[in-house]
Amino acid sequence: MSSGQSNTFEPLTLIEPFIEKKGGLMPALHALQEHLGYISKESIAELATAFNYSQAEIIDVITFYDDFRTKPIGKNIIRICLAEACQSQNCKKLLKDISSQLNLTLDETNHDSGITLKEVFCLGNCAIGPSVMINETVIGEATTEKIINHLEEDDA
Amino acid sequence: MLHKTISNLIKEESVKIIRNGSWGAYWLEPFIEIEKDGVRTGASYRNIDLTHLKTIEDFFLDFEKKNPFDINEIDFIKNQNRIVFSRIGQQDPLDINYYRATKGYESLITALEIGHQETIDRIKSSGLTGRGGAAFPTGIKMQTVFDQDVSTKYLACNADEGDGGTFSDRLIMESDPFSLIEGMTIAAYAVGASKGYIYLRSEYPLAKDFLSDAIDIALKNNYLGENIQNTDFNFEIELRIGAGSYVCGEETAMMESIEGRRGLVRSKPPLPAINGLFGKPTLINNVVTLATIPALLSDQHSEFSEIGSNKSVGTMPFQLSGNIKNGGLIETRFDITLKEMIENYGSGTKSDKPLHAIQIGGPLGIYLSSNMLNTSLTIESLEELKGSVGHGGIIVFDDSVDMSEQAKFAMEFCVKESCGKCTPCRIGSVRGVEIIERLQKNKASKEDAILLEDLCETLESTSLCAMGGMTPNPIHSIINYFPNELIEK
Ligand SMILES: Cc1cc2nc3c(=O)[nH]c(=O)nc-3n(C[C@H](O)[C@H](O)[C@H](O)COP(=O)(O)O)c2cc1C
Ligand code: SF4
Ligand code: FES
C-alpha cells in the first residue's frame with residue numbers, strides 16, 4: 001500500500017467501517033465504487049485480506065452484479081430502461097436515436113463527452129415511459145431532445 | 001425543478017411550500033396543489049416551464065387559469081379503495097406528526113399491548129397474502145418464524161422490485177416511508193426479531209434517501225432502537241443496496257447477497273423462516289406486504305378482510321403502465337375486470353391505437369389478448385390461465401407490438417438474469433432465443449415449434465426457482481392467446 005503520499009487513494013479507510021459488519025462486502029464495494037467510480041485492482045487485494053476471501057472470490061462477486069465495474073467509466077451515466085412497459089413506448093427506437101446522437105452503443109463510454117450509455121430493467125417510472133435515468137435523475141416520456149437538454153443543464 | 005422555481009418566488013412568510021409525495025396519478029404529475037383557508041385544489045404542471053414567472057402572485061394567477069380541482073374528486077382516485085396507500089400524495093412523506101395524526105404508530109402500540117401471538121393471529125385472520133409475487137399467507141409465515149426457539153432472528157424486507165411495470169414499493173418508500181417502517185417494526189416484534197434489513201434495489205436512489213431519513217426520524221422518536229416506546233423491545237433497521245441483479249429479488253438469492261456473496265439461489269428446504277439469514281430464522285416479506293400490516297391492527301382490519309375471497313383478500317395495489325393514457329397506482333379489490341382497469345381507470349391506450357396485448361405480473365407473467373378483457377384480476381382467475389398476479393403490474397400494448405419480439409424478450413431476460421445454477425435456465429434460455437429467432441423467419445416451422453415446447457417443459461420441470469420455471473409462462477400465453485403471431489398452427 002502506498003501510504004503517506006498525497007493524493008493516494010486508500011481503499012482500507014473506505015472499507016474499514018464494513019469489515020466487522022455481518023455481510024459487509026456489498027456495502028464495502030458500493031463505498032469503493034462511489035469514491036473512485038470503479039473497483040480497482042488495489043481495492044480487490046485489500047478487500048480479499050479484509051474480508052478473508054481469496055481475490056478470485058472477490059472478483060466472482062464483482063462480476064456477478066451488473067452495477068460493479070473494474071474499469072473507470074464516464075462522468076455522466078445514461079441508463080435507458082428496456083423493460084416491458086418502456087418497450088410498449090418504443091424504447092428500442094429511443095435507444096437507436098440516442099445511440100446515433102451521442103455516437104455510443106450500450107455499455108460504451110465516449111471519452112470525449114464523458115458519457116456512458118447503459119441499459120436498465122425498470123426504473124419504477126413505468127406509467128410515463130419511455131424512462132431514462134441520467135446519473136440519479138429519472139426522466140419520463142424521454143426523448144433524445146430531453147436527454148440532451150438535461151445533460152447540457154447538468155454541465156452548465 | 002418546479003419546486004426550486006416556486007421556492008425562489010416565495011418572499012413572504014404567509015406562503016409555505018411542502019413537497020408532498022406522488023399521488024400515483026402519473027399522467028397529472030407534477031401536480032401542484034394550493035391549500036387556502038382549508039380548501040385544497042390542484043392543477044397539472046406536466047411538461048410546463050415556470051421559469052418566466054417573476055413573483056409568487058404571477059404563479060397564483062397562472063394557477064387559477066388552469067381551472068384547479070380537488071384531486072380526491074377525480075374518478076381515478078375516488079373510485080379506488082386506498083387503505084395501504086391512503087397517505088400518499090397528501091403531505092410531506094417525512095412529517096412524522098402528520099403520520100401520527102393519521103393513526104400512524106397506533107398499531108405498533110396495539111401490537112406491543114396485545115403481544116406476539118395475538119398480533120400474528122390478527123394478521124392471519126385478515127387473510128393477507130404476500131404481495132411480492134408468490135401470494136403466500138403472511139400470518140402463517142410469521143407463525144413459523146415465531147415458533148422457532150432461537151434467540152437471534154432476522155427480518156428482511158424485500159425492496160428489490162425488479163419486475164418491469166411495477167412501482168408500488170417505490171411509491172410506499174418515497175411517499176409514505178413510515179408505514180413500511182412501522183409495518184416492519186410490528187412484524188419484527190411479532191416474530192421476535194431484533195434486527196431488520198431492507199434490501200433496496202440500486203435503481204431507486206430517491207427511495208434510499210427517503211428511507212434513510214425516515215429511519216433516523218423513527219430512531220429519534222423512539223420508534224426504533226432500544227426500549228421502543230418504553231418496552232423491552234429493541235429493533236434496528238439497516239438499509240442494504242442491491243447492485244442491478246433481478247434474481248436477487250428471489251428471497252434466497254437476496255439472502256446470499258446480504259451475506260456478501262453472488263446472488264445464487266439456494267435450494268429449499270430449509271425454509272428461510274427456519275434457517276435463513278446468517279443461519280437464523282428469518283421473516284422475508286415484500287414492501288407492500290409489510291406496509292399493509294399497520295392497517296390490519298387498526299379498525300381497518302374488517303374493512304380489509306371483508307373484501308374478496310380465497311387468496312385474493314383485501315386490496316391489491318395494481319400498477320397500470322405502458323401504452324396507457326392514465327397510468328398509475330390503482331389500489332382496489334382484486335376482482336375487478338381487466339376491462340374496468342384499462343377503460344375506466346386507464347382511459348384506453350395512450351396512442352389511441354387499438355389495444356392488442358396486456359402483460360400481467362411482470363416478466364414471468366402472461367400476455368392476454370384484447371378479447372380477454374373480461375378476465376377478473378384475482379389470483380385464482382389468473383392461475384386458471386396459467387399466469388399470476390405477481391406484484392400487480394399491468395402493462396398495456398397497442399397493435400404496433402410484435403408478439404414474437406415479446407416472446408424473444410422473455411428468453412433474453414432469462415439469459416441476462418439467470419443466476420446460473422441450473423443448466424436449463426442458464427443455457428436453455430440461450431437456445432430459446434435462437435429458436436424464437438428462427439421462428440421469426442419461418443412461423444410455420446413444425447420442428448422449431450416442437451423444440452420450443454420441449455425446452456419450455458424442461459425449464460418448467462427442472463428449474464430450482466421461478467426465474468427458469470416461469471419464463472415459459474409469457475411464451476405459452478403468446479402461443480395460446482395470439483395464434484399465428486409466433487407460431488403458425
Ligand atoms: C426471480 C424472482 C424475482 C423476485 N423478485 C422479487 C422482488 O423484486 N420483490 C419481492 O418482494 N419479491 C420477489 N420475488 C419473490 C420472493 O422470492 C418472495 O416470495 C417474497 O419476497 C416474499 O414476500 P411476500 O410473502 O411478502 O410476498 C421474486 C421471486 C423470484 C423467483
Ligand atoms: S432457475 Fe435460473 S435463476 Fe433460478 S436457481 Fe436455476 S439458474 Fe438460478
Ligand atoms: S418498465 Fe421502464 S421504468 Fe418500469
Side-chain angles (χ1 to χ4, degrees), chain A residues 18 21-31 33-34 47 51-53 57-69 79 81-93 118-131 133 135-138 140-141 143 146 150 153, chain B residues 24 26-27 29 47 161-167 169-171 201-207 238 240-246 248 257-264 277-278 319-324 326-329 350 359 362-363 393 395-398 400-401 405-406 409 413 416-417 419-420:
Chain A
F18 305 106
K21 247 189 202 320
K22 276 184 143 66
L25 181 59
M26 292 283 285
L29 287 168
H30 275 300
Q33 183 157 296
E34 209 164 284
L47 285 164
F51 287 92
N52 203 13
Y53 279 47
E57 282 169 323
I58 300 283
I59 293 168
D60 240 21
V61 175
I62 293 173
T63 52
F64 182 84
Y65 297 97
D66 283 349
D67 282 2
F68 297 133
R69 43 188 181 260
R79 291 186 173 83
C81 175
L82 298 181
E84 294 90 333
C86 291
Q87 289 167 12
S88 80
Q89 294 296 85
N90 248 324
C91 61
K92 280 190 191 157
K93 182 172 179 301
K118 290 185 76 76
E119 64 181 0
V120 65
F121 292 96
C122 197
L123 295 164
N125 196 51
C126 332
I128 41 169
S131 304
M133 185 151 85
N135 302 323
E136 295 204 336
T137 307
V138 176
E141 294 178 335
T143 56
K146 270 197 191 176
H150 187 91
E153 271 166 33
Chain B
Y26 290 92
W27 80 97
E29 295 175 0
N47 297 322
E161 195 160 65
D163 289 3
T166 66
F167 42 84
D169 296 350
R170 181 178 168 202
L171 264 177
R201 66 197 301 252
S202 61
E203 292 84 350
Y204 286 178
L206 196 61
E238 187 179 331
R240 284 294 176 91
I241 308 300
S245 157
Y246 176 75
C248 284
S257 187
I258 293 176
E259 291 180 12
R261 285 189 294 274
R262 298 159 67 95
L264 295 188
L277 262 180
F278 308 108
Q319 299 124 81
L320 184 60
S321 76
N323 196 324
I324 190 85
N326 301 349
L329 182 110
K350 192 170 177 176
Q359 188 180 28
I395 305 176
V396 176
F397 295 78
D398 73 9
S400 63
V401 63
E405 280 294 307
Q406 299 312 117
F409 177 75
F413 192 66
K416 279 184 210 292
E417 303 297 341
C419 85

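In the text below, chain A, chain B and the rest are named by the order of the sequence lines, each starting its count at 1. Worth saying up front: this structure is predicted, and the values here are computed from it rather than measured.
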I'd like to check B/Glu405 versus A/Gln87 (side-chain heavy atoms, cut-off strictly below 4.5 Å). Are they in contact? no
Heavy-atom contact with chain A under 4.5 Å, split by part of B/Glu29: neither
When heavy-atom pairs shorter than 4.5 Å are enumerated against chain B, which of A/Cys126, A/Pro130, A/Gly24, A/Ala28 gives the highest number? A/Cys126
Sub-4.5 Å side-chain heavy-atom contact between B/Lys350 and A/Glu141: yes
Residue part contacting chain A, namely of B/Arg261, when any heavy atom lies under 4.5 Å: both
State, yes or no, whether a side-chain contact exists between A/Leu82 and B/Phe409 at a heavy-atom distance under 4.5 Å. no
Given side chains that start at C-beta, do those of A/Met26 and B/Ser257 come closer than 4.5 Å, heavy atoms only? yes
Start with the C-alpha distance between B/Phe413 and A/Phe121, add both sets of side-chain angles, then the distance that settles ring pair (Phe, Tyr, Trp, His ring centres under 6.0 Å), and finish with yes or no. CA-CA 9 Å; B/Phe413 192 66; A/Phe121 292 96; 5.3 Å; yes
Can you say whether A/Glu136 sits under 4.5 Å from chain B via the side chain, the backbone, both, or neither, judging by heavy atoms? both
Region of A/Lys118 that comes under 4.5 Å of a non-hydrogen atom in chain B: neither
Electrostatic pair B/Glu203:A/Arg79 at N-O distance under 4.0 angstrom: no
When the 4.5 angstrom heavy-atom criterion is applied to B/Tyr26 and chain A, the contacting part is both
Can you name the closest pair of heavy atoms from B/Ser245 and A/Tyr65 and give their distance? CB-CD2, 4.0 Å
side-chain contact (heavy atoms from CB on, under 4.5 Å) between B/Arg262 and A/Thr63, worked out: CA-CA 9 Å; B/Arg262 298 159 67 95; A/Thr63 52; 4.3 Å; yes
Below 4.5 Å from any heavy atom of chain B, which atoms of A/Val61 appear? Answer side chain, backbone, both or neither. both
Looking at A/Gly124, is its backbone amide N or carbonyl O close enough to the side chain of B/Arg170 to form a donor-acceptor pair, meaning the two atoms are under 3.5 Å apart? yes
Using side-chain heavy atoms (C-beta onward) and a distance below 4.5 Å, is A/Met133 in contact with B/Pro205? yes
How far does CG of B/Asp398 sit from CG of A/Asn90, to the nearest 0.5 angstrom? 9.0 Å
Stepwise side-chain contact (heavy atoms from CB on, under 4.5 Å) test for A/Ser88 and B/Gln359: CA-CA 11 Å; A/Ser88 80; B/Gln359 188 180 28; over 6 Å; no
Presence of salt bridge, B/Lys416 and A/Glu119, under 4.0 angstrom: yes
Please evaluate residues B/Tyr246 and A/Cys122 with respect to the criterion side-chain contact (heavy atoms from CB on, under 4.5 Å), reporting the C-alpha separation (whole Å), side-chain torsions for both, the decisive distance (0.1 Å), and the verdict. CA-CA 10 Å; B/Tyr246 176 75; A/Cys122 197; over 6 Å; no
Interatomic spacing from CH2 in B/Trp27 to CD1 in A/Ile128 - rounded to 0.5 Å: 11.5 Å
With chain B, which of A/Ala127, A/Cys86, A/Ala83, A/Cys81 has the greatest number of heavy-atom pairs at distances under 4.5 Å? A/Ala127
Segment of B/Glu417 engaging chain A (4.5 angstrom heavy-atom cut-off): side chain
Engaged part of A/Phe51 at the chain B interface, taking heavy atoms whose separation is under 4.5 Å: neither
Relative to chain A, which segment of B/Ile241 carries a heavy atom at a distance below 4.5 Å: side chain, backbone, both, or neither? both
